[in-house]
Amino acid sequence: MVKYSFDQRSRLEEIFRIGGMPLSNNKVEQCIRPTTLGRKNSLFSKSYEGAQANAVYYTLVQTAKLNNLDTYKYLKYVFEQLELRKNPDVDAYLLLLE
């Protein structure tokens, strides 16, 4: 334990050299939490197709969030549009909307 502490000394001293460096990375961890949970949930998919469906769903939700859209309304719109198409192509709805 003491040896590890001495080995990390230079990293600890960086905090004092760079005054604006945050002491924790909680903000970053909170931002990636939904992705991590989605990945963990995919581990329990019973089939490849189920995992793929989960990935599409999570991507649609994150696309709505990135574009500051109401997630429920966006998903409702996407599913309504898919019903009207002969060959539903989900990839067309995964692009950033501007």
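As the structure is a prediction and not an experimental result, all values here were calculated from the model.
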So how far is it from [X] [atom1] to [Y] [atom2], rounded to the nearest 0.5 Å?
X	Y	atom1	atom2	result
Y77	D70	OH	CG	15.0 Å
L66	T59	CG	OG1	10.5 Å
Y57	Q62	OH	CD	10.0 Å

Sorted by chain and number, sequence neighbours left out, salt bridge (Lys or Arg N to Asp or Glu O under 4.0 Å) with K3 holds for D7
- Over all heavy atoms of both residues, which pair between L60 and Y74 is shortest? Give the atoms and the distance, please.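 It is O-CE2, 3.6 Å.
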Hydrophobic cluster (4.5 angstrom, side-chain heavy atoms) - remaining members for F6:
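F6 shares its hydrophobic cluster with V2.
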